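For clarity, every value in this text was computed on a predicted model and none was experimentally measured.
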Amino acid sequence: MHELSLVADLFTIIEEQASRAGAKRVTKVSVSVGELAGVVPELFRSAFQSYKKGTIADKARLQLKMVKIKFKCRNCGHELTTRNIMDESFSYVCPACGSKDMELIAGRDLYLEKLEIET
Amino acid sequence: MGKETKELLVLEDILGSNKKIASSIRKKLTENGILAINLLSAPGSGKTSLLEKIGQKLKNKHKIGVIEGDIETERDADRIRKAGLPAWQITTHGACHLEAKMLAQIFDQIPADLDFLFIENVGNLVCPASFDLGESLRIVLVSTPEGDDKPKKYPEAFITSQVLVLTKCDLLPYLPFDTDRVIKEALEINPHLKVFKTSATSGEGLDELGAFLEAELKQRRSQHA
């Protein structure tokens, strides 16, 4: 359960960006969450709701966009996108060439994509 | 007075501040020729016991330091000190993982002439995987009593590690733990994992692990010489 410390870092970025843009208020916060970023969306939301009180984003809505996990085969370059890495049936084998050498290239990141602000 | 709504494109990494601090820690450690090793596992899988034993093996030839991450208490650091190794305790007061900034706060206490710096993360196989501490090597531990189904349940820890250490292997005769299954699953997730079967009680596998760490230290120093 580390969502609160992530939300604290998120608010550092929000306040910095909002003040640089001369915002009076932040009305919407859009965050992209990798499926393998170790973030539970519900916990992130509730941490956001309690953290936003008294900040410039007091009334802001939080939009979470989930980003799928993507592997790239180191052998043939084939890219494989999946949501269900936790699924028993998921296999870490390249469907194109059968290589087991798959590199994780997306799904671990957590990004503040954009803000909607009032100036 | 009209208010204007507009969209601001940000695209900033929320883990960015941690990554920045971790990179600067990694740079300093590498410059000083220190091999930093981040140990990840569930609580009670034997991180501290492994460190006591491996530390004793390495300390005759090398200078070793240990950072202990726990939610509360100095207990683990005390155990390491009793084993004759310098230890620094970080208590996270509730946080379930170590972050680079926690290391940065005690970094000036760490001697610059160390060979190995072991960082024992908070016992948790989930959250610590997301936080780079500036280490050069990440070891994930699975103990035999925990069960052999861990790799696919906690894939991030296994994907981001370079070494898998199975601990408490002296208990294998008494447990329904399928060593081959764990290794097979772990290698399916990350075929580059180096695997060691160990026991801090019987001493099994500790020489091999120690020799591997020494070889890593030597190789990394020659790369940065």
Item to complete: Please report the closest heavy-atom contact between A:I13 and B:V10, naming both atoms and the distance.
Response: CG2-CG1, 4.3 Å
Item to complete: Step through the shown structure and confirm whether more than 12 heavy atoms of other residues, nucleotides or ligands are within 6.0 Å of CZ on A:R45.
Response: yes
Discussion item. Once rounded to the nearest 0.5 Å, what's the spacing between atom CG of B:L8 and atom OG1 of A:T119?
Written reply: 10.0 Å
Worksheet entry | Distance (rounded to the nearest 0.5 Å) between B:K6 NZ and A:I117 CD1 | 5.0 Å
Discussion item. Taking atom CZ as the centre, does B:R75 end up with more than 12 heavy-atom neighbours from other residues, nucleotides or ligands that are less than 6.0 angstrom away?
Written reply: no
Worksheet item: For A:D101, is it the side chain, the backbone, both or neither that has a heavy atom under 4.5 Å from a heavy atom of chain B?
Response: both
Fill in: Contacting region of B:L15 [heavy-atom separation from chain A under 4.5 Å]
both
Worksheet item: Any donor-acceptor pair under 3.5 Å linking the side chain of B:S130 with the backbone of A:A37?
Response: yes
Worksheet entry | Side chain / backbone / both / neither for A:L115 at chain B, heavy atoms under 4.5 Å | both
Discussion item. Distance check, rounded to the nearest 0.5 Å: A:Q17 atom CD versus B:E12 atom CD?
Written reply: 5.5 Å
Item to complete: Quick one: closest heavy-atom pair of A:K114 and B:L9, and the distance?
Response: CB-CA, 4.1 Å
Worksheet entry | salt bridge (charged side-chain N to carboxylate O under 4.0 Å, His left out) evaluation trace for B:E156 with A:R108 | CA-CA 8 Å; B:E156 198 188 0; A:R108 285 193 69 213; 3.0 Å; yes
Worksheet item: So how far is it from A:D9 CG to B:N18 CG, rounded to the nearest 0.5 Å?
Response: 7.5 Å
Worksheet item: Crowded around A:K52 NZ? As in, over 12 foreign heavy atoms under 6.0 Å?
Response: yes
Discussion item. For the NZ atom on A:K68, are there more than 12 heavy atoms of other groups (residues, nucleotides or ligands in this structure) within a distance under 6.0 Å?
Written reply: no
Item to complete: Answer with side chain, backbone, both or neither: which region of B:S17 has an atom nearer than 4.5 Å to a non-hydrogen atom of chain A?
Response: side chain
Practice prompt. Please state whether the side chain, the backbone, both or neither of A:V31 comes within less than 4.5 Å of a heavy atom of chain B.
Written response: side chain
Worksheet entry | Pick from A:R25, A:E103, A:R74 with the largest number of heavy-atom pairs that fall under 4.5 Å of chain B | A:R74
Discussion item. Nearest 0.5 angstrom please: A:K100 NZ to B:H192 NE2, how far?
Written reply: 12.5 Å
Discussion item. Quick check on the interface: out of B:V126, B:T5, B:D13, who has the most heavy-atom pairs with chain A under 4.5 Å?
Written reply: B:D13
Discussion item. Quick check on A:L104 against chain B: is it the side chain, the backbone, both or neither that has a heavy atom closer than 4.5 Å?
Written reply: side chain
Item to complete: Would you name the heavy atoms of A:L10 and B:I14 that are closest together and state the gap between them?
Response: CD1-CD1, 3.7 Å
Item to complete: Could you tell me the separation between the CD1 atom of B:I159 and the CE atom of A:M102, rounded to the nearest 0.5 Å?
Response: 10.5 Å
Worksheet item: If you measure only the distance, is there a donor-acceptor pair under 3.5 Å linking the side chains of B:E99 and A:S5?
Response: yes
Fill in: Contact summary for A:Y92 and B:E188, nearest pair of heavy atoms
CB-O, 2.8 Å
